[in-house]
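First listed ligand is number 1; within each ligand, the first listed atom is number 1. Note: hydrogens, waters and symmetry copies are ignored here, and every other heavy atom, side chains too, is used.
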Amino acid sequence: MSFDDWLAEQAAKRRDAGLERSLVSRAPDDDLVDLAGNDYLGLSRDSRVVAAASGAAHRWGAGAGASRLVTGTLGVHDQLEAALAVWVGTEAALVHSTGYHANLSAVTALADADTLIVSDAHVHASLVDACRLARGRVQVVPHLGVAEVEEALSERTESRALVITESIFSVLGDAAPLTELADVCARHGAVLVVDEAHGLGVAGDGGRGLVNATGLAGRPDVVVTLTLSKALGAQGGAVLASQAVVDHLVNRARPFIYDTGLAPAAAGAAHAALDVITLEPALVQRVNTVATALADTVGVDRPAGAVLSVPMPGPTEAVAAQAACAAEGIRVGCFRPPSVPDGISRLRLTASAGISDLDLARACDVLKTVLP
Ligand SMILES: Cc1ncc(COP(=O)(O)O)c(C=O)c1O
């Protein structure tokens, strides 16, 4: 089969299964109410954050110019790493060019061939890919299943183990039982890796996330990964852990070592966003208020963070509801099998502190009429 024929066949299969994806550009000034994005605190357009991005680019250049171990470590990275570690409460931090890279780094560098990796069934694709790349055996356990984690750890033949979870899950928006998982890990000599992509900025004291809120930040057997692209409104990712873990990653994590350093503008923006959150903790309260109003409107439990999951009768109804919302100026996310971890089609709504009271009221009115 020729390359062209193969591509056409692949495209036809996706079309027949109703799984075709396409990119839709967003205008800079569209007036849709965005309940689908991850700019949870509305900071990506905050003038202080944008000015910091521009200032960092002017000072350090448009790109870092090299990988971090060559000449691509800049003051703007050092400052951001120090600020992130202090904010969340860990000894050290290591900034990466994306959250995806941070997950690849943490899992692949911390698991060797003699490590069992126990992963919650709902973790993000970047953690799934990290497990695939890692050298250790991978065991996937049911979502939120603490007993199953304990069983896997106690029956393992490997001398080391890594347990992988998100703090707040990206599709269902539910929270992991972090305290119980950390206890199980401590009993079985395992390391707990927690992806705070959807916890940071929206959960815990002043938005410091659930690892901080549960008192686990700073524990040597707990490793946090995060993205700078959601609540912090920028781009990039980080691993927060002990200095020993960070030193190990600098020496062993290929997604860190063989990648150009985070762009200065993104690092500057993320640092400014941290400063804004610290100065204005009301932003974190606001995102929770918006999330609560949305949850009450659509009749689901109040979420642990900013993500609301609204189960729909089926894929057709989910797509139709998404289109009906869009026609009324409200952008919502729509997830259908096979992109949903539990096979249930759903709308995914996200709250943002950047939504005005007027837009929130409009969105709630539309959701009331559109949802079954
Ligand atoms: C849970 C989770 N982890 C990691 C990532 C990847 O982060 P980034 O977009 O910075 O690569 C995402 C989102 O995209 C995510 O939802």
Side-chain angles (χ1 to χ4, degrees), residues 21 23 34 36-41 43-44 49 53 77 80-81 84 88 93-108 117 119-134 140 143-144 162-176 178 181 192-204 209-211 223-240 253 255-256 259-263 265-267 269-271 273-274 287 303-309 333 335 339-341 346 348-352:
R21 294 174 160 128
L23 300 173
D34 190 351
N38 300 311
D39 185 7
Y40 296 139
L41 299 179
L43 292 178
S44 77
V49 174
H77 298 136
L80 175 59
E81 283 166 349
L84 283 169
V88 174
L94 190 64
V95 167
H96 287 62
S97 60
T98 69
Y100 205 114
H101 283 74
N103 278 337
L104 293 184
S105 269
V107 177
T108 58
I117 304 171
S119 172
D120 186 285
H122 287 196
V123 295
H124 186 257
S126 54
L127 286 167
V128 173
D129 290 352
C131 289
R132 289 179 180 155
L133 262 184
V140 177
H143 184 47
L144 310 181
L162 224 56
V163 172
I164 297 178
T165 186
E166 291 176 34
S167 61
I168 294 178
F169 284 85
S170 56
V171 177
L172 299 193
D174 48 352
L178 290 185
L181 287 174
L192 180 62
V193 178
V194 185
D195 182 342
E196 281 269 36
H198 299 275
L200 206 77
V202 297
L210 286 187
V211 172
V223 173
V224 176
T225 63
L226 54 88
T227 174
L228 310 175
S229 68
K230 301 191 193 298
L232 297 180
Q235 186 94 34
V239 179
L240 273 59
F256 174 78
D259 188 39
T260 296
L262 177 66
H271 197 163
L274 263 187
V287 72
V307 178
L308 287 91
S309 167
F335 284 72
S339 309
V340 273
R346 52 174 42 84
R348 178 180 182 270
L349 311 184
T350 53
S352 171

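Under 4.0 Å from any atom of ligand 1, one finds heavy atoms of residues T98, G99, Y100, N103, H124, S126, E166, S170, D195, A197, H198, T227, S229, K230, G236.
Shown are T225, T98, T227, N103; of these, the side-chain hydrogen bond (donor to acceptor under 3.5 Å, both in side chains) with S126 is made only by N103.
No donor-acceptor contact under 3.5 angstrom links the side chains of Y100 and H124, judged on distance only. Remark: the H143 side chain and the D174 side chain contain an N/O donor-acceptor pair separated by less than 3.5 Å. T165 and D120 share no donor-acceptor pair across their side chains, judged by distance under 3.5 Å alone.
With R348 contributing its side chain and S170 its backbone, the two residues share a donor-acceptor pair below 3.5 Å.
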> Can you list the steps and then say if D39 with D34 is a side-chain contact (heavy atoms from CB on, under 4.5 Å)?
Replying inline: CA-CA 9 Å; D39 185 7; D34 190 351; over 6 Å; no
